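Indexing begins at 1, ligand by ligand and atom by atom, following the structure's order. Just so it is clear, the structure is predicted and the values come from calculations on it, not from any experiment. For the numbers below, each heavy atom of this structure counts, side chains included, while hydrogens, waters and symmetry mates do not.
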Amino acid sequence: MTQVTRFAPSPTGPLHLGHAYSALIAFQRAGAGQFLLRIEDIDRARCRPEWEAQIFDDLHWLGLRWPTPVMRQSDRMAAYRAALARLASQGLIYPCRCTRADIRAVLSAPQEGATHGPDGPIYPGTCRARPMAEARPEDALRLNLRAALRRTGALNFTENGPLHQGAHRIDSDRMIAQVGDVVLARRDMGTSYHLAVVVDDAGQGVTEVTRGVDLFEATQIHVLLQALLELPRLSYWHHDLIRDDQGKRLAKRDDARAIARYRAEGASPEDIRAMVGL
Ligand code: GLU
């Protein structure tokens with residue numbers, strides 16, 4: 001099978017060394033196959049066209065090439081709606097009206113163990129019995145995780161990257177305790193990162209997902225959604241994160257390590273590769 005990889009940045013700030021590393025690994029992993037780009041711009045309030053233009057420019061400068069037109073998540077709302085309709089027809093999603101403060105209040109009650117999952121506090125299930133017929137446009141939509149896992153049965157995925165290499169079995173009890181009912185459509189957004197990434201990886205024919213190890217824990221959510229939506233299963237390559245001199249991972253606001261800044265200072269693409277250890 002031809003390998004298809006992708007780099008999926010959000011245009012919410014300048015690309016920094018960590019993004020360059022991620023994009024270069026995806027390009028390398030594609031080998032003789034195909035490297036794709038996807039613009040993850042569902043968060044309209046934070047995305048800017050000028051950041052998107054800078055992404056294309058920086059990646060070109062680094063020597064990466066990809067087919068056009070590039071997939072843009074803001075064009076994909078119909079696909080996300082169809083996936084949500086399918087999950088709704090299986091009785092697996094429900095409308096949630098809880099605010100962050102509501103969730104915090106329930107979790108701070110003495111009998112609740114307030115643990116955090118990949119998306120923050122584990123949802124205590126307040127709205128779980130609410131039927132979709134009562135959904136209002138301003139509600140978030142959550143996955144009933146226990147019901148979803150019961151439907152799919154045992155799940156696993158293959159990690160090819162060096163950090164967690166091997167076959168991983170998804171442990172339902174652990175997932176229920178440590179992930180909880182994830183949001184699949186956020187208020188005013190029509191989707192969430194998890195749903196969009198799964199629908200779009202399938203839509204682009206991706207075969208291996210390369211991304212930072214900070215998203216390793218989210219992978220079980222994606223594998224579960226692929227099974228529920230009967231989408232092709234993917235393999236994964238989670239890479240280590242590029243850190244600053246204090247050992248902190250780079251953030252979008254970390255302009256000091258923006259590719260554009262190094263370019264302006266006269267760095268070459270080879271210098272960037274060397275800086276990230278490639
Ligand atoms: N858009 C995400 C980010 O910029 C990447 C998501 C992914 O690769 O699955 O962090």
Peer 1: Find all atoms of ligand 1 within a distance of less than 4.0 Å from any non-hydrogen atom belonging to Val197, and give their numbers and elements.
Peer 2: 9 (O)
Peer 1: Does Ala8 reach ligand 1 with a nitrogen or oxygen that is under 3.5 Å from one of the ligand's nitrogen or oxygen atoms?
Peer 2: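 Looking only at distances, the answer is yes, because the N/O contact criterion of under 3.5 Å is met.
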Peer 1: Can you check side-chain contact (heavy atoms from CB on, under 4.5 Å) on Leu64 and Leu37, steps first, answer last?
Peer 2: CA-CA 10 Å; Leu64 307 190; Leu37 189 59; over 6 Å; no
Peer 1: Between Glu52 and Arg72, does a side-chain contact (heavy atoms from CB on, under 4.5 Å) hold up when you go through it step by step?
Peer 2: CA-CA 10 Å; Glu52 191 178 308; Arg72 186 178 277 110; 2.2 Å; yes
Peer 1: When you group the ILVMFWY residues by side-chain heavy-atom contacts below 4.5 Å and let the links chain together, are Phe27 and Phe56 in the same group?
Peer 2: yes
Peer 1: Table please: side-chain donor-acceptor pairs of residues 215-227 below 3.5 Å, with sequence neighbours left out.
Peer 2:
residue, atom, partner, partner atom, Å
Glu217, OE1, Gln220, NE2, 3.3
Thr219, OG1, Arg211, NH2, 2.9
Thr219, OG1, Leu215, O, 3.2
Thr219, OG1, Phe216, O, 3.0
Thr219, OG1, His238, NE2, 3.2
Gln220, NE2, Glu217, O, 3.2
His222, ND1, Arg211, NH1, 3.3
His222, ND1, Arg211, NH2, 3.3
His222, NE2, His194, ND1, 3.0
Gln226, NE2, Tyr236, OH, 3.0

Peer 1: Looking at ligand 1, would His19 count as a contact under a 4.0 Å heavy-atom criterion?
Peer 2: no
Peer 1: With a 4.0 Å cut-off on heavy atoms, is Tyr193 touching ligand 1?
Peer 2: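 Tyr193 counts as a contact of ligand 1 under the 4.0 Å cut-off.
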Peer 1: Could you tell me, atom by atom, which parts of ligand 1 come under 4.0 Å of a heavy atom of Arg6?
Peer 2: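 Listed by number with element: 7 (C), 8 (O), 9 (O).
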Peer 1: Heavy-atom contacts with Glu40 under 4.0 Å: which atoms of ligand 1 show up? List them by number with element.
Peer 2: 1 (N), 2 (C), 5 (C), 6 (C)
Peer 1: What atoms in ligand 1 come closer than 4.0 Å to a heavy atom of Ser10?
Peer 2: 1 (N), 4 (O)
Peer 1: Would you say Tyr94 and Leu87 are hydrophobically clustered, going by side-chain heavy atoms of ILVMFWY under 4.5 Å?
Peer 2: no
Peer 1: Which atoms form the tightest heavy-atom contact between Arg38 and Gln204, and what is the distance?
Peer 2: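 Taking every non-hydrogen atom into account, NH1-OE1, 2.9 Å.
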Peer 1: Going by distance only, is there an N or O of Thr210 that falls short of 3.5 Å from an N or O of ligand 1?
Peer 2: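 Between Thr210 and ligand 1 (N or O atoms, distance only) the closest approach is not under 3.5 Å.
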